[in-house]
Each structure stands twice: as structure tokens, then as C-alpha cells.
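Notes follow the structure.
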Amino acid sequence: MSLFEKLSAKAKSCPQRIVLPEGTEPRTLTAADRILGDGLAEIILIGAPDEIMHMASELKLDNIGKATIVNPADEAVIDRYAPLLLELRRSKGMTEEESRLTTANPLYLGCLMVKAGDADGQVAGAMNTTGNVLRAAFQVIKTQPGISVVSGAFIMLLPEGLKFGTNGILVFADCAVVPDPDASELAQIAVSAAQTARDIAGIEPRVALLSFSTKGSARHERVNKVIEAGRIAHEMAPNLIIDAELQADAAIVPNVANTKAPNSSLNGRANVLVFPSLEVGNIAYKLVQRLGGVQAVGPVLQGLAAPVNDLSRGAFPEDIYKTIIITANQAIGLKENA
Ligand code: ACO
């Protein structure tokens with residue numbers, strides 16, 4: 001079974017309620033129609049009902065009638081969710097009037113539905129920028145207990161013949177959100193990436209915190225940050241197999257690990273690679289993807305109290321369909337671990 005066959009089967013076995021705030025956007029609607037047809041999730045579309053149904057009929061979509069539609073122009077909807085937003089943002093200076101205006105923003109309304117327990121996750125970004133999608137999630141849904149920083153992982157699916165990771169699967173993080181994490185943030189990224197490895201990649205995590213130094217081969221404050229992150233991550237998750245301050249080859253090549261890091265608990269068999277900064281993580285995943293012919297699935301946002309995922313504005317319906325499946329699986333994983 002491929003990764004997506006497994007994720008689809010799990011999503012189908014326990015359908016989650018996924019909000020799509022860009023409810024009138026054609027690629028999003030096409031993906032929603034397929035999800036509903038396949039029975040993989042319950043879909044909540046935010047938008048004007050007549051516009052959504054008009055677009056669905058233009059696109060000849062048969063299943064959109066099964067979706068719940070929430071109209072952000074409906075005063076009753078604003079009455080229901082604005083007080084929650086005001087409660088969350090009052091200390092940041094938000095007024096009642098601002099809370100009503102912001103609640104009418106579909107990105108915020110979707111997150112408020114998740115926060116209120118009326119939905120299990122959100123997928124957006126076919127029309128909105130990453131910053132806008134993430135900010136709504138950060139401000140409304142916030143992070144999981146013990147985590148203060150949201151980050152983004154990619155599941156890297158290696159072509160046959162490349163025998164790294166577990167069954168040719170590796171998780172890379174952070175590749176999408178936190179430009180310059182400190183040691184504590186890096187530790188949180190490592191622990192969150194382990195959760196993504198379990199819940200989405202379906203592998204038992206073996207986490208390497210990467211550096212340009214292996215076990216003291218170089219001295220630098222950036223190396224110290226990675227060592228300290230390893231210590232904190234170990235405290236946060238004592239049962240997690242994790243090792244810090246490894247070069248990439250010592251993390252994933254057993255022969256190199258034997259020479260450079262003979263006492264590493266990973267034995268050169270890491271399947272979760274944590275990068276010391278966003279520059280490294282973002283560049284690394286793109287190079288591995290392009291030069292190695294590797295399929296990169298993501299970014300999967302990790303660390304939020306309930307899942308929200310961001311799409312590329314160039315996303316195809318297939319990408320949106322898969323992102324909804326991932327989000328449903330994250331929601332199931334969070335409930336299972338609660
Ligand atoms: N985790 C949790 N909360 C966060 C995070 C985070 N990583 N970053 C910011 N926040 C919170 C802040 O605490 C703040 O909350 P508050 O309003 O309650 O005080 C709120 O979000 C806004 O914080 P700002 O510091 O104003 O953040 P800003 O909105 O300027 O930026 C953003 C956030 C857009 C996510 C920024 O970190 C960013 O641009 N990151 C890089 C994203 C990117 O471009 N990635 C590369 C492309 S993606 C790809 O290639 C796959």
C-alpha cells in the first residue's frame with residue numbers, strides 16, 4: 001500500500017470535519033467534491049451559498065450538496081464566533097467591533113470553528129498567502145501543550161533503490177516556518193517532527209539534529225545550539241530515539257556513523273532530519289527533491305493544537321485533495337495521543 005492509500009484508508013475509517021475557507025475557489029471545490037465522493041472527510045465550505053452552488057454546477061461537481069456551507073456574511077455566524085475571538089485577542093487590544101470584522105474573514109472563521117470544536121482541521125492557501133493562513137492559525141488555534149512554535153515538515157518519499165530512512169521514507173523539518181530557531185525552538189521542532197513521522201509518515205521516529213559538526217569535530221556557537229537542542233528534546237521526550245550534533249552522512253549512513261559517531265543511538269539510521277535553521281531546511285528539501293528525484297509531500301504544519309495546512313497558490317486539485325487527507329490524519333493522530 002502506498003503512503004496515500006494508507007492515509008486515505010485511515011481518513012475513511014474515522015471521517016474528520018475539515019473546513020475549507022476558500023469555499024468558492026474552483027480547485028478547492030474540485031478537491032472537496034472528490035473527498036466527499038470518496039467518503040474521506042466531512043467538508044465545511046465557507047462562502048456565499050449561492051456562489052458555491054453556482055460554481056459547483058459550472059464545474060459539474062455532483063457531491064458538493066453533501067458539504068456543510070457556512071456563510072461569513074450571516075450575522076448569526078458572526079454572533080456565534082466573534083465572542084470567542086474577542087476572548088482570545090482582548091489582551092492584544094482587539095475591540096468588539098474588530099472581533100466581528102475579523103470573524104467575517106474566512107481564514108479566521110474556519111480557525112474559530114476548529115477552536116470551538118465545530119470542526120477538526122482547516123486547509124487553505126489556494127488564494128491566500130502563507131503568512132495570512134498561518135497567522136490566523138497561530139492567533140486562534142495556537143500551539144499544543146508544551147510546544148510554543150509551529151513548524152513545517154516534508155515527508156520525503158525516495159525512489160526505489162535509494163535505501164535511506166525507513167522503507168525509503170524520511171521526514172525533514174523545519175523547512176517552512178521558523179527562520180532562526182533558538183535551542184528550545186529547535187528541540188520543539190524535533191519533537192513535533194517525531195509526531196509527524198508517526199502520524200503521517202507511518203514510521204517509528206529516529207531523530208537526528210543536524211549540524212556541520214559530528215560529536216565535537218568542530219566548535220562554534222551554532223554547534224552548541226544544536227547540542228543544547230538535543231539535551232532539551234531528550235528532556236521533553238525521554239523515550240524518543242534522538243541524537244544531536246551529527247553531520248548528515250553520520251545521521252543516515254551506517255558506515256559513516258560507525259567511524260564518526262560510534263556511540264550514536266541512531267547507528268546511522270535516522271529517518272527524521274532536523275535542520276538548524278530554515279535556510280538549511282528549505283534549501284535541503286528542494287535540492288533533495290530536484291536532484292534526487294524525491295517526492296516531497298508537504299509542508300505539513302506541526303505543533304498546532306489542531307491541524308491547519310497551507311497550500312501553494314499554484315496548487316492543483318490533486319494537491320488540495322492530498323492535503324485534506326493529511327490534515328484529517330493529523331486530527332485523528334492528535335485525538336489518539338490526547
Ligand atoms: N509558531 C507559533 N506562533 C507563531 C509563530 C510560530 N512559528 N510565528 C509567529 N507566531 C505568532 C506570534 O507569537 C504572534 O502571536 P500574537 O499575535 O498572539 O502575539 C503571531 O503569530 C504573529 O507573529 P509575528 O511575529 O507578527 O509573525 P508574522 O505574522 O510577521 O510572521 C510568519 C509569521 C508569516 C509565519 C513568518 O514566520 C514567516 O514568514 N515565516 C516564513 C514562511 C515562509 O515564507 N516560508 C518559506 C516558504 S514555505 C515553503 O517553501 C514550503
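Hydrogens, waters and symmetry mates are skipped; everything else that's a heavy atom, side chains included, is used. If you read the sequence from its start, that first residue is 1, and numbering goes on from there. First listed ligand is number 1; within each ligand, the first listed atom is number 1.
The protein heavy-atom contact nearest to atom 20 (C) of ligand 1 is Q139 NE2, 4.2 Å. Closest to atom 37 (O) of ligand 1, if we only count protein heavy atoms, is V177 O, 3.6 Å.
Y285 and F154 have parallel rings, their planes meeting at less than 30° on a 0 to 90° scale where 60° marks the start of perpendicular.
Within a 4.0 Å radius of atom 24 (P) of ligand 1, the protein contributes no heavy atom. Atom 8 (N) of ligand 1 lies below 4.0 Å from at least one non-hydrogen atom of the protein. Distances from atom 15 (O) of ligand 1 to the protein include no heavy-atom value under 4.0 Å. The presence of a protein heavy atom under 4.0 Å from atom 41 (C) of ligand 1 is confirmed. Under the 4.0 Å distance rule, the nearest protein heavy atom to atom 51 (C) of ligand 1 falls inside the cut-off. Within a 4.0 Å radius of atom 31 (O) of ligand 1, the protein contributes no heavy atom. There is no protein heavy atom closer than 4.0 angstrom to atom 27 (O) of ligand 1.
Between T143 and ligand 1, no pair of N/O atoms sits closer than 3.5 Å. For ligand 1, the polar-atom distance check finds no N/O of V178 at less than 3.5 Å from any of the ligand's N/O atoms. Here's the thing with V150: one of its N/O atoms is less than 3.5 angstrom from an N/O atom of ligand 1. Note: an N/O pair closer than 3.5 Å links A176 and ligand 1 by distance alone. On a distance-only criterion, R135 and ligand 1 share at least one N/O pair closer than 3.5 Å.
Defined by atom type and a distance below 3.5 Å, a donor-acceptor pair is present between the side-chain atoms of Q247 and T214.
When heavy-atom distances to ligand 1 are checked against a 4.0 Å cut-off, R89 comes that close only through its side chain, counted from C-beta outward.
Here is the list of ligand 1 atoms found below 4.0 Å of a heavy atom in S148: 1 (N), 2 (C).
Between K10 and E336 there is a salt bridge, with a side-chain nitrogen of the basic residue lying less than 4.0 Å from a carboxylate oxygen of the acidic one.
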